[in-house]
There are 2 protein chains.
Amino acid sequence: MTETATEEKIKEAARIVFMEKGYAAAGMRDIATKAGVNLSLVNYYFRSKKNIFQIIMLEKMHIIFGNIIPYMVDENTTLEEKLNHIATVYIDTISEDPNLPMFVFSEFQKNPEDFSFLFPIKKINFNEISIIKQFKTIRPDINPAHFMLNFLGLTIFPFIAAHLFSKMNTGIFDNIQTVIKERKSFIPLWMKSILETNLTAK
Amino acid sequence: MTETATEEKIKEAARIVFMEKGYAAAGMRDIATKAGVNLSLVNYYFRSKKNIFQIIMLEKMHIIFGNIIPYMVDENTTLEEKLNHIATVYIDTISEDPNLPMFVFSEFQKNPEDFSFLFPIKKINFNEISIIKQFKTIRPDINPAHFMLNFLGLTIFPFIAAHLFSKMNTGIFDNIQTVIKERKSFIPLWMKSILETNLTAK
DNA sequence: AATTGTTTTAAACATTTGTTTAAAACAATT
DNA sequence: AATTGTTTTAAACAAATGTTTAAAACAATT
């Protein structure tokens, strides 16, 4: 099956090039070259640049959301179990593809219209999923958006800032990959403290 | 002074266009059109695309770091005062330019070499600045990178995720701007809880 | 009023872009 | 061995890119 072989070679090259340079700066010739393949073959197998981009983006969206939402929905785990599990799995997953969050957030912001193809994912009502319901019973006084922003901020932000921070030579972000891995066990504990924080205090 | 007027018109247009589309997707014609000015004038006043981009980027870097580092260095405030002050000022500042963090982080990642012009900023040794020293006396057991990642993650991440989250129709990120403003008072309290969290617990 | 210097314009420049074409190479089937 | 269908190639396409040119318009000075 030479057909599938070259098609996959192109896809893998597209993953790397789009991820590194973003949609706008990525060239069809970059992809072809990285795949070690004739330029025309990229259009032959994937019709257009926008099309192959959307295929890669859909893949990435599944990784960044598909690995997290099933655990959030699970009615058979406690909130503490969810936080433990998700923090670990998520940091491990993204560590294999550290630019993924940046890629998804930044490409979405630049061309929100081009993401209509993933309306299936967008249909989830967070007020109905387990993790939010569990949070609401503990802290009915706080907007659950805070809870999600805190959890995802603590987990995802280090990946987004890693490049810049480690090249700034501050002396504290030198081996940031090691630091990020430590956070797998720290984040659930910090989240627990945050959950217990009294916000009405003067 | 018509000269300064058009030069500033071009600069302002460049700010908007670069911010919206990023370096690669931004065109010289986009900038000229948005400035209401002839295409050649962009090169006349700013020589090249890369040059005008670096001018804008330097501006943005000053906003995102210049507004935060002076307070971190200040030896005359307590850690609690610093957290209170920075959270408020920073959220207010970035709220006026919500795409700033995304812009800076993503453009840096794509072309780190093009940021050599800001080596002055990079010279700061975080181990010597007040906020880190204060943290170290309270929690010598934890890598200060965690402290900074937590604080900046809680503060900055909501801006990075806002676009995607609010368009996902989850039901909890509807008026995310209001939520973000609430965080000005919440984040210092959460940080205090995080600081007191025992991480050695089984 | 003539001259000088600066700003603006329209046109063109050479490259680079995504995409298409048509022929060649290859594989499989009859 | 001839035919069919698929894959790969080289070349070309039109459109868009950043930049330059040279003339025009304008302002200021002598």
Side-chain angles (χ1 to χ4, degrees), chain A residues 1-60 103 106-107 110-111 113-117, chain B residues 1-60 103 106-107 110-111 113-117:
Chain A
M1 315 285 145
T2 324
E3 38 179 352
T4 320
T6 59
E7 186 172 336
E8 186 49 45
K9 272 200 298 182
I10 294 170
K11 222 187 210 168
E12 180 58 18
R15 282 189 199 100
I16 296 169
V17 174
F18 279 132
M19 215 65 162
E20 251 177 22
K21 321 224 260 178
Y23 177 78
M28 295 293 266
R29 282 164 184 83
D30 296 334
I31 297 174
T33 304
K34 174 136 285 178
V37 138
N38 188 286
L39 168 64
S40 307
L41 289 183
V42 185
N43 284 295
Y44 177 76
Y45 282 102
F46 296 96
R47 254 192 18 258
S48 71
K49 183 185 176 184
K50 185 166 261 174
N51 186 244
I52 188 172
F53 173 76
Q54 289 189 333
I55 289 169
I56 305 297
M57 179 54 84
L58 189 60
E59 266 186 27
K60 299 297 183 183
F103 175 73
S106 104
E107 293 299 331
K110 278 167 199 162
N111 280 59
E113 327 86 42
D114 292 358
F115 285 69
S116 44
F117 66 93
Chain B
M1 314 291 143
T2 324
E3 38 179 352
T4 320
T6 59
E7 186 172 339
E8 186 49 44
K9 274 200 297 182
I10 294 170
K11 222 187 211 169
E12 180 58 19
R15 282 189 198 100
I16 296 169
V17 174
F18 279 132
M19 215 66 162
E20 252 177 22
K21 321 222 263 179
Y23 177 78
M28 296 294 265
R29 282 162 185 84
D30 295 335
I31 297 173
T33 304
K34 173 136 285 177
V37 138
N38 188 286
L39 168 64
S40 307
L41 290 183
V42 186
N43 284 295
Y44 177 75
Y45 282 102
F46 296 96
R47 257 194 15 258
S48 70
K49 183 185 176 185
K50 184 167 261 174
N51 186 243
I52 188 172
F53 173 75
Q54 289 190 333
I55 290 169
I56 304 297
M57 178 55 85
L58 189 60
E59 266 187 27
K60 299 297 183 183
F103 175 73
S106 104
E107 293 298 330
K110 278 167 200 164
N111 280 59
E113 327 86 40
D114 291 359
F115 284 70
S116 44
F117 66 94

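In what follows, every chain begins at residue 1, and chains take the letters A, B, ... in the order their sequences are listed.
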Q) Distance under 6.0 Å and angle within 45° of the ring axis: does B:Lys49 meet both against B:Tyr23? A) yes
Mind calculating the distance between [atom1] ([X]) and [atom2] ([N]) to the nearest angstrom?
{"X": "B:Glu7", "N": "C:dT6", "atom1": "CD", "atom2": "P", "result": "14 Å"}
{"X": "A:Asn51", "N": "C:dT20", "atom1": "CG", "atom2": "P", "result": "12 Å"}
{"X": "A:Lys49", "N": "C:dT20", "atom1": "NZ", "atom2": "P", "result": "15 Å"}
{"X": "A:Ile31", "N": "C:dG18", "atom1": "CD1", "atom2": "P", "result": "8 Å"}
{"X": "A:Leu39", "N": "D:dC13", "atom1": "CG", "atom2": "P", "result": "16 Å"}
{"X": "B:Asn43", "N": "D:dT17", "atom1": "CG", "atom2": "C1'", "result": "12 Å"}
{"X": "A:Phe46", "N": "C:dT20", "atom1": "CZ", "atom2": "P", "result": "16 Å"}

Heavy-atom side-chain contact between A:Gln54 and A:Leu58 under 4.5 Å: no
Q. With a 4.5 Å limit on heavy-atom distance, are the side chains of B:Phe18 and B:Met57 in contact?
A.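 The answer is no; the side chains never approach within 4.5 Å.
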With the side chain of [X] defined as its heavy atoms from C-beta on, choose the nearest nucleotide among [options].
{"X": "B:Arg29", "options": "D:dT7, C:dA12, D:dT20", "value": "C:dA12"}
{"X": "B:Leu41", "options": "D:dT19, C:dT9, C:dT19", "value": "C:dT9"}
{"X": "A:Met28", "options": "D:dT8, C:dT9, C:dT19", "value": "C:dT19"}

Does [X] have a side-chain nitrogen or oxygen under 4.0 Å from the phosphate oxygens OP1 or OP2 of [N]?
{"X": "B:Thr6", "N": "C:dT7", "result": "no"}
{"X": "A:Asn38", "N": "D:dT8", "result": "no"}
{"X": "A:Tyr44", "N": "D:dT7", "result": "yes"}

### Message
On the side chain of A:Ser40, is there an atom forming a donor-acceptor pair with the base of C:dT20 - under 3.5 Å, no angle test?
### Response
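Such a pair exists between side chain and base.
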Under a 3.5 Å limit on both distances, the Watson-Crick or wobble mate of D:dT8 is C:dA23
Note to self: Under 3.5 Å for both donor-acceptor distances, Watson-Crick or wobble: does C:dA1 have a partner, and if so which one?
What the structure shows: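 Because both required distances fall under 3.5 Å, C:dA1 counts as paired with D:dT30.
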- Have a look at B:Ala24 and say if it touches a base, only the backbone sugar-phosphate, or nothing, with a 4.0 Å heavy-atom cut-off.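 Counting heavy atoms under 4.0 Å across all strands, no contact is made by B:Ala24.
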Practice item. Flag yes if more than 12 heavy atoms outside B:Lys34 fall under 6.0 Å of its NZ atom; otherwise flag no. Key: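 It does not: B:Lys34 NZ has 12 such atoms or fewer within range.
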Rounding to 0.5 Å, atoms CG (A:Asn43) and CG (A:Asn51) come to a distance of 10.0 Å
